[in-house]
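Structure record follows, encoded as structure tokens.
Quick caveat, the model's predicted, so the values are computed rather than measured. Below, chain A is the first sequence line, B the second, and so on; all start at residue 1.
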Number of protein chains: 2
Amino acid sequence: MDRTREAAAEREFTLLLDDQLCFALYAASRAVTSRYRPLLDDLGLTYPQYLVMLVLWQHGAVPIKDVGAALQLDYGTLTPLIKRLEAAGLVRRERSARDERTVHVNLTEEGDRLRDRARDVPPAIGAAMNLSPEETKAAMTLLRRLADNVSADLARHA
Amino acid sequence: MDRTREAAAEREFTLLLDDQLCFALYAASRAVTSRYRPLLDDLGLTYPQYLVMLVLWQHGAVPIKDVGAALQLDYGTLTPLIKRLEAAGLVRRERSARDERTVHVNLTEEGDRLRDRARDVPPAIGAAMNLSPEETKAAMTLLRRLADNVSADLARHA
DNA sequence: CACATTTAACTTGTGCACGATGTAATCGTG
DNA sequence: CACGATTACATCGTGCACAAGTTAAATGTG
């Protein structure tokens, strides 16, 4: 097969599963989450709960709105999730005195202590991914650009 | 900052959200699925349903087991999903005569016709992603390797 | 200051994901 | 050929995601 036809084939969009970047992305995301599961089970967290804890460990008390902005998740997801974290004793929800609409999420002592146990998670995942530092960095850059591109395109078509 | 410290920093694993490749992956996957949503709404499909239809358009009648193997999804996900496709009139579920345990999923006329309307979806997504052919190919390769690596690592630790 | 608008959060409903459990059909081995 | 193991699928329960609608507080404008 000559090079011209190959190049053209790359831009031909098919309905074959293995041609879809979206499927590789979807499958990789679920595979990585599955690898997290046993590690997070030990901490009593699900993967989305872990992400919320990352935000809190990094920023301390934040309004739910800011958690949503950081993780690109809406209240329909976060409200029940954070209530489960509260039931687990890891966070407290407190209405702001200055603005009665906003609810601040605070770490409890136990939630703060969990951070130390969580430090082993990123290295374990890093080892499981088994990518070079360059590949990791390239993947991160590309995935961010991809997310930005499709989000911008969605906004344009809305 | 000298190069040694930079290189070391790349391998230092933090709990900062923006250092996590997993989050970039998770966010990108959801962003892409969101971009699919309006396109698939027109076809009356969700994104996972679209993936099942891709398998059927490609292979025709297949056991549910094979759909699961192709998409890495279990029966708990597929059984109700395929029943919804059946309720929508796109597929038929038929028990095999040779092996009464297996259920073959067949396209109906309507399900087959939907393929023509679906042909516009991959180009639209391709345009929204806005990556060069090289980047797309590189991303696909890297994401597959990532999924393989973490799955293998999970199997090892199980 | 009244009042329409906006904002932060909650609620409800649908549809994945996935672990755990159950069941019937088939297979493998003695 | 008996019978324990395996296989294909279904069911149930929990926890996301996300759209749509609701409520109450804050804001802006006449």
Side-chain angles (χ1 to χ4, degrees), chain A residues 23 26-38 40-41 44-53 61-69 71-88 91 93-105 147 151 154 158, chain B residues 23 26-38 40-41 44-53 62-69 71-88 93-105 147 151 154 158:
Chain A
F23 175 63
Y26 165 78
S29 179
R30 285 190 302 118
V32 168
T33 302
S34 291
R35 186 60 191 84
Y36 267 98
R37 207 177 316 279
L40 296 181
D41 278 351
L45 294 174
T46 65
Y47 179 67
Q49 288 169 9
Y50 170 70
L51 293 179
V52 170
M53 293 303 285
V62 285
I64 297 183
K65 173 183 161 58
D66 291 6
V67 178
L71 302 180
Q72 299 291 327
L73 288 170
D74 71 1
Y75 293 107
T77 301
L78 288 175
T79 295
L81 187 158
I82 292 172
K83 283 185 177 177
R84 280 187 286 271
L85 288 178
E86 186 173 41
V91 307
R93 289 157 8 93
E94 285 166 8
R95 246 171 222 285
S96 165
R98 263 188 306 151
D99 186 337
E100 290 275 337
R101 293 172 302 177
T102 87
V103 172
H104 289 275
V105 189
S151 298
L154 180 61
Chain B
F23 175 64
Y26 165 79
S29 180
R30 285 190 301 118
V32 169
T33 302
S34 291
R35 186 60 191 84
Y36 268 97
R37 207 177 316 278
L40 296 182
D41 278 351
L45 295 174
T46 64
Y47 178 68
Q49 288 170 9
Y50 169 71
L51 293 180
V52 170
M53 294 302 286
V62 286
I64 298 185
K65 173 183 160 57
D66 292 5
V67 178
L71 303 179
Q72 299 290 326
L73 289 170
D74 72 1
Y75 294 106
T77 301
L78 288 176
T79 295
L81 186 158
I82 292 173
K83 284 185 176 176
R84 280 187 286 269
L85 288 178
E86 186 171 40
R93 290 155 9 94
E94 285 166 7
R95 253 179 214 281
S96 165
R98 265 186 308 150
D99 186 338
E100 291 276 338
R101 292 172 302 178
T102 87
V103 172
H104 290 275
V105 188
S151 297
L154 180 60

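A:Ala97 and A:Glu100 make their closest contact through O-OE2, 4.3 Å (heavy atoms, listed as atom of the first residue, atom of the second, distance). Pairing each heavy atom of B:Leu71 with each of A:Arg30, the nearest pair is O-NH2, 2.8 Å. The minimum heavy-atom distance linking A:Gln72 with A:Ala69 is given by the pair NE2-O, 3.4 Å. Contact between A:Tyr36 and A:Tyr50 at its shortest, heavy atoms only, is CE2-CE2, 3.7 Å. In this structure, A:Ala147 and B:Ala28 approach most closely via the heavy-atom pair CB-CA, 3.9 Å.
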Atom pairs, N/O to N/O, protein against nucleotides 3-9 of chain C, distance under 3.5 Å?
| from | atom 1 | to | atom 2 | distance (Å) |
| --- | --- | --- | --- | --- |
| C:dT7 | O2 | A:Arg101 | NH1 | 3.1 |
| C:dA9 | OP1 | A:Val103 | N | 2.6 |
| C:dA9 | OP1 | A:Val103 | O | 3.2 |
| C:dA9 | OP2 | A:Lys65 | N | 2.7 |
| C:dA9 | OP2 | A:Tyr75 | OH | 2.7 |

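For the pair B:Leu40 CG and C:dG15 P, the computed distance is 15 Å after rounding to whole Å. The CG-C1' distance, from B:Leu73 to C:dC16, rounds to 9 Å in whole Å. Atom CD1 in B:Ile82 sits about 14 Å away from atom C1' in C:dG15, given to the nearest Å. One can place CG of A:Leu78 at 14 Å from P of C:dT11, the figure rounded to the nearest angstrom. Straight-line distance from the CZ atom of B:Arg37 to the C1' atom of C:dT14: 12 Å, rounded to whole Å. For B:Glu86 and C:dG15, the CD to P distance is 15 Å, given to the nearest whole Å. Nucleotide C:dG19 holds its P atom 7 Å from the CG atom of B:Asp74, rounded to whole Å.
Side-chain contact check for A:Thr46 versus A:Asp41: every heavy-atom pair is 4.5 Å or farther apart. For the pair A:His104 and A:Arg95, the minimum side-chain heavy-atom distance is 4.5 Å or more. Within the 4.5 Å cutoff, the side chain of A:Leu81 has heavy atoms near those of the A:Pro48 side chain.
Between A:Gln49 and A:Arg98, it is A:Gln49 whose nearest contact on DNA chain D lies nearer the 5' terminus.
Of all nucleotides in DNA chain D having an atom under 4.0 Å from a heavy atom of chain A, the first and last in 5' to 3' order are D:dG15 to D:dA26.
Nucleic acid contact for A:Leu81: sugar-phosphate only, since backbone atoms but no base atoms lie under 4.0 Å from a heavy atom of the residue. Using a 4.0 Å heavy-atom distance criterion, A:Thr46 is classed as a sugar-phosphate-only contact. Nucleic acid contact for B:Ser34: sugar-phosphate only, since backbone atoms but no base atoms lie under 4.0 Å from a heavy atom of the residue.
Put simply, B:Tyr47 has no side-chain N or O that comes within less than 4.0 Å of OP1 or OP2 on C:dG15.
Considering only residues two or more places apart in sequence or on other chains, B:Tyr75 meets the side chain to side chain contact (heavy atoms under 4.5 Å, CB included) condition with B:Ile64, B:Lys65, B:Thr79.
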